[in-house]
Amino acid sequence: MDSNERELKGFKPIVAAINSHRDEFEKLKDEDLAVKTEEFKHRLGDGESLDDLLPEAFAAVREAARRTLGLTHFDVQLMAGIAFHKGMAAEQKTGEGKTLSATTALYLNALTGRGAHLVTVNDYLARRDAGWMGPIYQRLGMNVGVIYAGQGDQPAGIFDPGYSAPASDDRLAHLRPASRKEAYSADITYGTNNEFGFDYLRDNMVGELDQLGQRGHHFAIVDEVDSILIDEARTPLIISAPDTDPTDKYFRFAKLIDELNPDIDYTIDEKLRVAQLTDHGLKKIEKKLGIPNLYEKDFETIHHMEQALRARSLYRRDKDYVVKDDQVIIVDEHTGRLMFGRRYSEGLHQAIEAKENVKIQQESKTLATISLQNYFRMYEKLAGMTGTAATEAQEFKKIYNLEVLIVPTHRPTVRADHPDRIYKTQRAKFAAIVEEAGELYRKGQPVLLGTRSIEINEILSEFLKRKKIPHNVLNAKNHEREAAVLAEAGRKGAVTVATNMAGRGVDIVLGGDPAGRDKKDWEKENRQVIEAGGLFVLGSERHESRRIDNQLRGRSGRQGDSGESRFYVSLEDEVMRIFGGDKIAGLMTTLRMPENEAIEHSLVSRAIEQAQTKVESWFFDQRKRVVEYDDVVNKQREIIYGRRRKILEDKSGEALVQATMEKIEEEIRTMVAAREAEGYSQVETEQLVREFAAIVPFDDESQRRLKAKLDDLDQGEKMADHLVEIASQVNRQRQEQFGAETARELTRWVSLRTMDELWMEHLDALDDLREGIGLRGYAQQEPLVEYKKEAFSSFEMLLSRIDGEITRRVFRVQPMGFQPKPIVTNLEFSKPEGLEKLEGTEGLEGIEGRGLPAGEAGKREEGRGLGLKLPFGKDKQREQSFASAFKNVAVNRPSGAGIVNKRKLGRNDPCWCGSGKKYKKCHYPN
Ligand code: ADP
Ligand code: MG
């Protein structure tokens, strides 16, 4: 007995316990069912555990589902629910009813009142499933929220049967618009992976506690977990703001590259995705640019040229990206989905835009970033569901600590999976596919023709058209419409050409969607399709990953339906060409393959499988690298976000003000002590005063008087005491002048803003560091180890810089429009005018001088984006909160492809470490 069976066997008694409550719950009145939820919560409070409550809670959900949706959880669905509750990933085949399976575990875990999240791959599914399962929770007295990207600013909703909006599908009709916060406050929240992740990042940019959306990361079930945690996990989530560099340079470089000859001027490696100029090409470029040595020019020029070359030679239109509405949109290489809003990073996207001659969008600056891996690892308990997890079990375990459980199907699968048909050429393969699709069409058996790319998708559609075979084409452009089309893919004689991911999550019912149909009619068609053999899945190519192939196959044969599947392969297919290597070429000659006939040969099938395994582990390594590198940042992110959170939670701000004053004192004492060795000479005290004036902004006259005073005191400790006393005086005066609350607010503002600003700089610096380390690879150093080491010291520097900056900023800010009075102090020398000097104070970006009209001030802030922002007096403060400062911030996810090719820090740029020295004089890799 293997471990899977053992685990399942352990679940049996629990299922029996759930079933033993069936009659009791069936007898309950509707009202009493909702009362059960209260009862469970009380018992939880009284010390019972979720495990104790599980059998009854699951029984309650099952009963509510029966009453509201007319669906009763099968035992295997209960088993999946138990697995979710135990924090496992359950593999349930497509069409087994995963949506319903999740409800038991979500309900049980939501009893804690700490929230439970259900994560989906797209907006449509988030809304559909919240609306579909909503009635179950509602009957039990729980509410459900949903977050999705959609249109507008952070859309969200609450399932509310009393609310009704026109919708193509009743499940989408009862989602009342609400705020993100409301949706997160619901007992259960459905939403897409990206939105959950972005909300987390956004929450760590707000200026007020009440602007937080999420309330912790308690329990999540990730639907289509392989897609989210594996396919999507190669690129981190990034929130960025647009930069304002000129864009014509991209066009210039695109043109330059166009003039090269691909045969002699550059070389391409498709597998590693690198393109390089040959000496010949290099000379040509240099001549055109009129410079003797390109590599001595500057990093930027080289970088742009490299990107233009990659754009030209490695990135193909309608395969890697499409051009739509004057935009370049990335196509997911695994699934053929269009990834709206995502951009290749580091100028590659712009280079492609230049190549395609569309409008160039600006580069952007990272404001916050997290990998999906690290986002999901924050959950106290994580569970997953998918039709295909087994092949990736090792990765789930290693990265997410998710054990995979294979849940048996409710009814046995009877789908016939035929062996691959192998052709020598792609042309012959396409002809054969169209031939077979035609035959199936005439026979009335529905066909789902799966393609890897939009390109092939369109080629096949063209062929079908020529043969006059009616068909639908789906390539993942509009999830909602797709769902409608795909739901009909099971109709008699339907031919549907779809990319892998198109309509994932949508059920293909034989005979079509019965909803709204005449029952007799539907039954007849259903019978006819079954007799014709059920849904035929025809794969037009093997994917690099076996899992994606299995996904496609799984579209047929749901819930014991009849069905068939077959893959068509040609030796010219990408997976064969790039990863099959010599083995495939050798096979061609050994087997003496005829041009137009298919063979089915185990040797070839094995070679394919080997190639797939190879690619899978290659991608696994890539994803592991993303995590390993993100792990380094992750620890730092936790610290920074933790501090941020503490400031937010310090409602009165008193602790913060006190801590800031302590920092200032420390700073002053260090400052003074540093001069002890020199014996406090004239020069020294003068310097001391200047440094002190960086903290408390005195004018020249006051500084002169202060210096005289210090010279008078002559002794280090006395000097320090004196300066500290001045600082606390100023602090008190500010409190009187602005009011204690506003003064505290200002401190908060400065602290948060300074932290954010420097943290974001640090993120960019780490990116550059990672690349710099990559360049150093040849020096026999382990890049990751080096990266960790340097990231660590750079972080230490960051922390002390944050403190230093805060102490130097905190006395320099004041509410906008505030008319300062002279500060009155009992220190005889000072008629401090510090605050009046504010306008002229340099080194503090975005500071608002008095008398600037609010509008003007606002504009300046907007332009800078990251400058220090001043509060506008009590009520406007909230209005002008951080959140709104970040409102226009772009949210995107560049593709992993860009990660290998970061924009380089110029040798003459300031070093990333913040030393103020030039990069080449500081951390520049030698
Ligand atoms: P999956 O996500 O596993 O592919 P879905 O959740 O989309 O599957 O459900 C597929 C179909 O199975 C839906 O039409 C749903 O109504 C049906 N279904 C799910 N559970 C049950 C059940 N216990 N009894 C009857 N039908 C069910
Ligand atoms: Mg599903």
Side-chain angles (χ1 to χ4, degrees), residues 15 18-19 22 58-59 61-81 83-84 89-106 118-136 169-171 190 192-193 221-228 383-389 405-411 413 415 448 479 482-484 486-490 501-517 522 526 535 537 550-561 563:
V15 172
I18 301 165
N19 287 335
R22 175 185 301 213
F58 275 38
V61 175
R62 170 143 78 176
E63 180 55 23
R66 190 182 70 82
R67 289 188 198 183
T68 52
L69 306 182
L71 299 176
T72 307
H73 294 67
F74 302 128
D75 284 359
V76 284
Q77 288 175 310
L78 295 177
M79 285 185 187
F84 301 142
E91 178 178 293
Q92 296 167 278
K93 299 267 172 280
T94 305
E96 281 293 298
K98 288 186 275 295
T99 323
L100 186 66
S101 302
T103 52
T104 46
L106 287 172
L118 191 290
V119 186
T120 66
V121 274
N122 66 46
D123 290 354
Y124 163 73
L125 292 175
R127 290 164 58 235
R128 182 199 73 178
D129 294 354
W132 187 9
M133 299 295 122
I136 302 178
D169 179 336
D170 191 57
R171 295 174 293 195
Y190 283 70
T192 62
N193 55 332
I221 304 180
V222 181
D223 191 9
E224 309 288 4
V225 64
D226 57 321
S227 172
I228 292 179
M385 50 189 194
T386 172
T388 43
L405 180 78
I406 301 169
V407 177
T409 54
H410 176 58
R411 292 211 188 88
T413 311
R415 186 186 60 233
L448 178 66
H479 299 307
E482 249 167 54
L486 207 64
E488 297 302 275
M501 194 61 185
R504 197 170 188 178
V506 178
D507 203 20
I508 304 179
V509 181
L510 300 186
D513 188 353
R517 294 259 300 273
W522 179 83
N526 172 265
L535 179 66
V537 166
N550 294 342
Q551 263 300 331
L552 181 61
R553 272 212 162 109
R555 308 299 311 236
S556 157
R558 66 181 273 287
Q559 298 182 4
D561 278 349

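Quick note: numbers below take in every heavy atom, side chains included, and nothing from hydrogens, waters or symmetry partners. All ligand and atom numbering here is 1-based and tracks the order in the structure.
Under 4.0 angstrom from ligand 1, there are no non-hydrogen atoms of D223. Under 4.0 Å from ligand 1, heavy atoms of T99 appear from its side chain as well as its backbone.
Close approach of ligand 1 to L100 is summarised as follows: ligand atoms under 4.0 Å from at least one heavy atom of the residue are 20 (N), 23 (N). Heavy-atom contacts of K93 reach the following atoms of ligand 1: 3 (O) (cutoff under 4.0 Å). Set against the non-hydrogen atoms of T94, the atoms of ligand 1 under 4.0 Å away are 4 (O).
Looking at atom 16 (O) of ligand 1, its nearest protein heavy atom turns out to be W132 CZ2, 3.7 Å. Regarding atom 9 (O) of ligand 1, its nearest protein heavy-atom neighbour is G97 CA, 3.5 Å. Nearest to atom 26 (N) of ligand 1 among the protein's heavy atoms is L71 CD2, 3.5 Å. Of the protein's non-hydrogen atoms, the one nearest atom 20 (N) of ligand 1 is Q77 NE2, 2.9 Å. In this structure, the protein non-hydrogen atom closest to atom 14 (O) of ligand 1 is D507 OD2, 2.9 Å. Regarding atom 18 (N) of ligand 1, its nearest protein heavy-atom neighbour is Q559 NE2, 3.8 Å. Nearest to atom 4 (O) of ligand 1 among the protein's heavy atoms is G95 N, 2.6 Å. Taking atom 23 (N) of ligand 1 as the reference point, the nearest protein heavy-atom neighbour is T72 O, 2.7 Å.
Contact check on D507 versus R558 returns a salt bridge, with a Lys/Arg side-chain nitrogen under 4.0 Å from an Asp/Glu carboxylate oxygen. Ion pairing between a basic and an acidic side chain is recognised when a charged N comes within 4.0 Å of a carboxylate O; D223 and R128 show no such pairing.
Between N193 and V222 there is no side-chain heavy-atom pair separated by less than 4.5 Å. For the pair T413 and E96, the minimum side-chain heavy-atom distance is 4.5 Å or more. Considering only heavy atoms from C-beta on, S556 stays 4.5 Å or farther from L448 through its side chain.
Across V121 and S227, no two heavy atoms sit closer than the pair CG1-OG, 3.5 Å.
Between the side chains of T388 and N550, not a single donor N or O lies within less than 3.5 Å of an accepting N or O.
When each of L100, T99, T103 is tested with L71 by the rule side-chain contact (heavy atoms from CB on, under 4.5 Å), just one qualifies, namely L100.
Under a cut-off of 6.0 angstrom, the local environment of CZ in R411 is sparse, with at most 12 non-hydrogen atoms contributed by other residues, nucleotides or ligands.
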